[in-house]
Amino acid sequence: MMLIKKMVCHVKEKMSETFSYGQERWHGLCDHKGFVAQYGGWSEENIAMVIGFWKNRQSYARFMNNDHDAIYMKTNQQECIDSIEIETEEIDVKDIDHYAINWLHEQGSNVNRKWTVTTDHMEEGS
């Protein structure tokens, strides 16, 4: 089972460019054991959709407890976000790219490739 994190970010008016630039700075995720991939894009003006994949809940929890805040502060996104809704679930995913693109399309979003962060471990269980 893989942990999937789905985020809906409500971005302050006139801050979408700053948020987008910050989202491009999440490439440091690749250095974290258990991280697999992250995708995102805009679903409508000022609403950003982000979906991340982790090998398991333990690797995600380790990242959140130890390293998330340091990356978040470097992005300067804290000043851009009005609110964020986060949902996590553990499911068996065979094709991460397909799953992410489908979820984003269901949310009315296209994939912003500049926001995409992937590792060599794109298949579940690798």
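All figures in this text were calculated on a predicted structure; none of them were measured in a lab.
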Side chains of [X] and [Y], heavy atoms from C-beta outward: is any pair under 4.5 Å?
X	Y	value
Met2	Glu90	no
Cys9	Ile47	no
Asn65	Tyr60	no
Met49	Val8	yes
Asn56	Met1	no
Gln77	Gln23	yes
Glu45	Glu13	no
Phe35	Ser59	no

Exercise for review: Can you label the angle between the Trp26 ring and the Phe63 ring as parallel, tilted or perpendicular, going by 30° and 60°?
Suggested key: perpendicular
Review point. Mind checking whether Trp115 and Phe19 have parallel, tilted or perpendicular rings, split at 30° and 60°?
Key: perpendicular
How close do [X] and [Y] get, heavy atom to heavy atom, and via which atoms?
X	Y	result
Gln38	Met7	OE1-CE, 4.1 Å
Gly40	Leu104	N-CD1, 4.1 Å
Ala100	Ile51	CB-CG2, 3.9 Å
His105	Asn110	NE2-OD1, 3.6 Å
Gly41	Ser109	C-OG, 3.2 Å
Gln107	Ser43	O-CB, 3.1 Å

Can you tell me if [X] has over 12 outside heavy atoms packed within less than 6.0 Å of its [atom1]?
X	atom1	value
Lys12	NZ	yes
Glu17	CD	no
Gln78	CD	yes

Review point. Does a donor on one side chain sit under 3.5 Å from an acceptor on the other, for Asn112 and Tyr39?
Key: no
Exercise for review: Please lay out, stage by stage, how Asp97 and Phe53 fare under the test side-chain contact (heavy atoms from CB on, under 4.5 Å).
Suggested key: CA-CA 10 Å; Asp97 192 58; Phe53 298 85; over 6 Å; no
Exercise for review: Walk me through it: do Tyr72 and Ile81 pass the test side-chain contact (heavy atoms from CB on, under 4.5 Å)?
Suggested key: CA-CA 12 Å; Tyr72 182 63; Ile81 299 173; 4.0 Å; yes
Point to revise | Cluster link Tyr21 to Val117, ILVMFWY, side chain under 4.5 Å | key: no
Check your understanding: With the 4.5 Å side-chain cut-off for hydrophobic clustering, are Ile86 and Leu3 part of the same group?
Key -> yes
Check your understanding: Salt bridge check: are Lys6 and Glu89 linked by an N-O gap of less than 4.0 Å?
Key -> yes
Exercise for review: Could you check Ile4 against Ile91 for side-chain contact (heavy atoms from CB on, under 4.5 Å), going step by step and ending with a plain yes or no?
Suggested key: CA-CA 7 Å; Ile4 300 172; Ile91 61 173; 3.4 Å; yes
Review point. Taking the side chain from Thr88 and the backbone from Lys5, do they hold a donor-acceptor pair closer than 3.5 Å?
Key: no
Exercise for review: Give the intermediate values and the outcome of side-chain contact (heavy atoms from CB on, under 4.5 Å) for residues His32 and Ile71.
Suggested key: CA-CA 12 Å; His32 296 281; Ile71 294 175; 3.8 Å; yes
